[in-house]
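Take a look at the structure set out below.
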Amino acid sequence: MIKVAPSILSADFCKMAEAVQNVERWGADWVHCDVMDGVYVPNITFGMPMIKALRKYTSLPLDVHLMITRPEKYVGQFCDAGADLVTFHPEASLDTAGALEEIKSKGVKCGLVINADQPFSIVEPYLSEIDLLLIMTVQAGFGGQSFKEDCLEKARKGEEMRKALGLSYDIELDGGVSPSNIELCKQAGATVVVAGSSVFKAEDPTAAVKAMQI
Ligand code: DX5
Ligand code: ZN
């Protein structure tokens, strides 16, 4: 079954504690936390104090997606703040292997992200090191964009490589995912999907989550 990770980027920022409790009540699997620094992406959200604060309000895994430059400087602090999974964009890092190693040394799951404008090859050298391969289906930076179907090719490649290499990383799709394209995501090999607008703006978020757990 596909795991659903609602993104709190689409929540009311004045009510983040309530948002993560809602995510749990709606029957979702992970909480997706989008960290943006205004440099790697043209938007700014929140940092490790938010992860630390939210940790007390949910027992669901916190899936922390770092859209920041030089992630190797901060991954350890996000682990210490209570992240269960930390992913980052390798082209923003000067030490991808070292950052993955540091995350793992903290007992936290690690992953890499392929942005919509990046090729699959940027993650290829690290596939045996990761627990999670996050494939963007929009250009990172904002919620509420439309799903880019052409990015699914990279998910298929991720699945192919996983089989060929005998690995077991999760494949997570992020951006514009909704019940209307969840079949396509599944066919492309997704094991986890991020859903911001399609859950938080749904009339019935519980039903929206359930519709994607296929
Ligand atoms: C975009 C973020 C996504 C975003 C998804 O840069 O990484 O996680 O919150 O939001 P929707 O589902 O609305 O596209
Ligand atoms: Zn994200």
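As the structure lists them, so they are numbered: ligands from 1, and atoms in each ligand from 1. This structure is a prediction, so every number in the text was calculated from the model and none was measured. Just the heavy atoms: all of them, side chains too, but no hydrogens, waters or symmetry mates, feed the values below.
- Between Lys106 and Asp80 there is a salt bridge, since at least one side-chain N of the basic residue sits less than 4.0 Å from a carboxylate O of the acidic one.
- Under a 3.5 Å cut-off, the side chain of Lys186 and the backbone N or O of Asn181 do not form any donor-acceptor pair.
- Side-chain contact between Leu134 and Tyr169: absent, with no pair of heavy atoms (C-beta onward) separated by less than 4.5 Å.
- The residues lining ligand 1, counting any heavy atom closer than 4.0 Å, are Ser7, Leu9, His32, Asp34, Met36, His65, Met67, Met136, Ala140, Gly141, Phe142, Gly143, Gly144, Asp174, Gly175, Gly176, Val194, Ala195, Gly196, Ser197.
- Using a 4.0 Å cut-off between charged side-chain N and carboxylate O, Arg70 and Glu72 make a salt bridge.
- Between Glu172 and Ile135 the shortest side-chain heavy-atom distance does not fall below 4.5 Å.
- A salt bridge is defined here as a Lys NZ or Arg NE, NH1 or NH2 lying under 4.0 Å from an Asp or Glu carboxylate O, and Arg162 with Asp170 fails to meet this definition.
- A heavy-atom distance below 4.5 Å is not found between the side chains of Asn43 and Asp34.
- With Glu183 contributing its side chain and Ser180 its backbone, the two residues share no donor-acceptor pair below 3.5 Å.
- Within the protein, the number of N, O or S atoms lying under 2.8 Å from the Zn ion (ligand 2) is 4.
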Taking it one step at a time, do Thr69 and Asp37 satisfy side chain to side chain donor-acceptor pair (under 3.5 Å)? CA-CA 7 Å; Thr69 44; Asp37 68 350; 3.1 Å; yes
